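Below is one structure, written out as structure tokens; the observations come after it.
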Amino acid sequence: MRRVAALLLLFAALVASGRASADGAPRVVAGSKAFPESWILGEALRILAAESGAAAEHAKNLGGTEIAVAALRTGAIDIYVEYTGTVDEVILRAPGAEAAQRKAGLAALGIGVSERLGFDDSYALAMRADVAARNGVHTIGDLARKPDLRLGLSHEFLGRADGFPGLAARYGLGQGSVRGLEHALAYEAMAGGSIDVMDVYTTDAQIERLGLVVLDDDRVFFPRYDAVLLYRSDLPARAPAAFAAMSRLVGAISTKAMTHANAALVIDHATVGDAAALLLPGGAAAHARAPAPTTAEAIAKDTIRHVELVLASLAAAIVFGVPIGVIASRARRLGPTLMTLTGLLQTIPSLALLALLVPLLGIGARPAIVALFLYGLLPIARNTYTGLVSISPELERSAEALGLSPWAKLLRISLPLASPMLLAGVKTSAIINVGTATIAALVGADGLGNPILQGISLRDPSLIFRGAVPAAALALVFEAAFAGLERVIVPRGLRAATR
């Protein structure tokens with residue numbers, strides 16, 4: 001067990017270690033949030049930075065504005081595209097800020113801001129044309145007269161001051177049915193008639209495809225959401241050529257061009273790189289020099305990363321969970337309290353825990369491994385505790401009669417007797433983490449969660465299956481691996497007794 005734990009810890013250290021550019025080129029990481037337009041713009045930044053000679057990367061699917069800004073401030077990413085309304089309302093908490101005020105507020109956070117890229121992607125509410133006509137709804141103000149209409153709104157829109165809370169207060173909306181939905185799924189619900197009203201981005205390609213009408217903001221609630229670059233203040237000096245190349249986006253993207261790129265990805269099923277190249281003069285050539293991996297290569301890469309996250313977090317959970325179980329079993333009064341505290345960690349919602357860890361650990365593998373480690377502690381600690389307290393008192397007294405030291409008694413008698421229960425806890429922890437690790441994609445840790453998130457946003461079942469099927473297969477592999485490990489670790493007599 002000590003040798004296994006040592007190997008797993010070494011593996012965890014290797015996974016968590018950073019990856020530096022081998023040829024000395026400046027490393028530039030462009031970020032994007034978890035929706036198609038952000039992916040396209042993040043990939044456009046990566047293409048331009050790579051064209052300048054930088055070691056460029058694209059960290060996709062950052063799960064919201066707060067996570068993206070925390071990643072920027074901690075240096076996990078260097079640049080990403082944000083919107084002025086979001087900067088004012090969410091980052092600076094200064095609605096209606098002027099450009100100079102916005103620039104000064106961001107500078108205090110160590111963040112620079114560019115001029116506008118050229119398009120405005122504002123929030124709006126939309127309905128199917130037939131539903132709007134049947135109910136006589138043309139403006140957001142008209143919704144106040146129709147409390148029975150069903151709203152399906154994105155979770156971020158539901159929680160933002162410039163989203164539904166402020167909108168409802170401004171217009172006096174009192175709809176009885178307001179559901180939180182992932183943005184792409186809301187379009188599916190709208191097409192199927194499950195909801196009547198949804199929030200949209202005005203450059204969404206699906207608005208035209210589904211024949212939706214955008215309701216007039218008759219009380220002018222929504223501010224402008226002009227796209228801008230947010231970047232670390234040291235980026236222009238650290239990677240001047242890459243920064244100059246990425247700044248070519250400023251003033252170069254029209255609303256029509258952005259909508260066209262969104263349609264290429266979401267409707268025509270182009271790759272993110274091909275959609276990004278549509279925004280770039282000469283960008284298609286730059287993209288051609290970095291071809292997208294084949295499906296098999298992508299599955300292999302995502303699966304390997306997923307296994308890395310699970311094994312690294314499992315190693316840490318074993319190293320800490322077994323001692324917690326041992327201490328709880330020896331300190332009988334403290335034991336229930338210790339196990340309760342360990343169990344409380346699993347009550348924290350996974351996305352909330354990841355969001356809390358990003359300011360401390362940045363994005364990527366480290367916050368994902370820590371979160372998975374915390375979620376994996378309880379099964380291991382609980383089963384270790386249960387296995388040890390279930391040992392027959394007669395066997396305990398026999399061990400004492402041999403004159404063994406407490407440490408030798410633990411290693412030679414107690415833990416081997418508890419090994420079937422302990423190993424079952426490790427197996428449970430591993431299988432839980434195989435499933436939970438998919439959400440790690442929201443902090444840029446990649447793995448099999450990436451194709452699942454992309455498949456949901458693009459309404460592409462093949463992408464969802466590309467993540468879900470390997471994840472299910474991994475759970476079966478871990479199940480079989482632990483069956484083999486049982487034959488190595490659990491004493492033969494205990495295996496027979498268990499059977």
Side-chain angles (χ1 to χ4, degrees), residues 30 32-45 47-48 65 68 79-90 96-97 99 102 113-127 129 138-140 154 156-157 160 162-163 167 183-184 186-187 190 198-218 220-230 246-284 287 457-458:
S32 63
K33 293 191 277 188
F35 61 95
E37 181 170 289
S38 190
W39 303 337
I40 294 170
L41 293 165
E43 184 64 11
L45 291 170
I47 291 172
L48 290 170
T65 301
I79 189 169
Y80 83 103
V81 175
E82 192 52 274
Y83 304 89
T84 53
T86 300
V87 172
D88 299 344
E89 298 280 348
V90 179
R102 185 180 304 125
V113 58
S114 74
E115 296 298 320
R116 297 168 181 175
L117 302 192
F119 70 95
D120 167 32
D121 187 5
S122 295
Y123 271 128
L125 295 186
M127 300 177 65
H138 307 285
T139 69
I140 298 177
S154 62
E156 186 169 12
F157 185 76
R160 291 172 55 145
D162 59 336
L167 186 73
H183 192 61
Y187 276 112
M190 178 71 77
M198 66 175 290
D199 61 301
V200 298
Y201 307 121
T202 51
T203 57
D204 283 351
Q206 299 97 318
I207 295 174
E208 182 177 352
R209 184 178 71 88
L210 294 177
L212 304 185
V213 294
V214 176
L215 303 183
D216 182 42
D217 183 11
D218 47 322
V220 196
F221 171 75
F222 292 116
R224 285 186 62 85
Y225 290 81
D226 291 295
V228 293
L229 300 177
L230 295 190
M246 293 185 290
S247 296
R248 289 166 53 194
L249 292 182
V250 174
I253 305 176
S254 67
T255 299
K256 182 178 179 180
M258 192 68 250
T259 304
H260 178 54
N262 285 335
L265 176 61
V266 176
I267 297 175
D268 300 332
H269 303 296
T271 67
V272 174
D274 288 338
L278 296 174
L279 302 176
L280 307 173
H287 174 58
S457 292
L458 300 176

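Not measured: the values here are computed from a predicted model.
- Heavy atoms only, all atoms of each residue included: S38 and S32 are closest at O-CB, 3.1 Å.
- No donor-acceptor pair closer than 3.5 Å links the side chain of W39 to the backbone N or O of A34.
- Between L167 and F221 the shortest heavy-atom distance is N-CZ, 3.3 Å.
- Considering only heavy atoms from C-beta on, D162 stays 4.5 Å or farther from D88 through its side chain.
- Between T202 and F222, the closest side-chain pair of non-hydrogen atoms is not below 4.5 Å.
- With a 4.5 Å cut-off on side-chain heavy atoms, T86 and R160 count as touching.
- Side-chain contact check for T139 versus L215: every heavy-atom pair is 4.5 Å or farther apart.
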Report the C-alpha distance between Y187 and D204 in whole Å, list the side-chain angles of each, state the deciding distance to 0.1 Å, and finish with yes or no for side chain to side chain donor-acceptor pair (under 3.5 Å). CA-CA 10 Å; Y187 276 112; D204 283 351; 2.6 Å; yes
Decide ring-ring contact (aromatic ring centres under 6.0 Å, His included) for Y201 and F35; before the verdict, give the C-alpha distance in whole Å, the side-chain angles of both, and the deciding distance to 0.1 Å. CA-CA 11 Å; Y201 307 121; F35 61 95; 5.4 Å; yes
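- The line from CG of L230 to CD1 of I79 is 8.5 Å long, rounded to the nearest 0.5 Å.
- In this structure, the side-chain contact (heavy atoms from CB on, under 4.5 Å) partners of A261, at least two apart in sequence or on a different chain, are I40, M258, L279.
- Panel note: side chain T259, backbone T255; a donor-acceptor pair is recorded below 3.5 Å.
- A 4.5 Å side-chain heavy-atom check between V81 and L229 finds at least one atom pair inside the cut-off.
- Put simply, the side chain of T203 does not reach to within 4.5 Å of the side chain of Y225, judged on heavy atoms.
- Expressed to the nearest 0.5 Å, how far CD1 of I253 lies from CG of L280 amounts to 7.5 Å.
- When atom types are taken as modelled, the side chain of D199 and the backbone of S154 share a donor-acceptor pair closer than 3.5 angstrom.
- Looking at heavy atoms from C-beta onward, D226 lies out of side-chain contact with L117 at the 4.5 angstrom threshold.
- How far CZ of R209 is from CD1 of I207: 12.0 Å, rounded to the nearest 0.5 Å.
- For the pair Y123/D217, no side-chain contact is recorded, criterion being any heavy-atom separation below 4.5 Å from C-beta on.
- Rounded to the nearest 0.5 Å, atoms NZ (K33) and CD (E156) are 5.5 Å apart.
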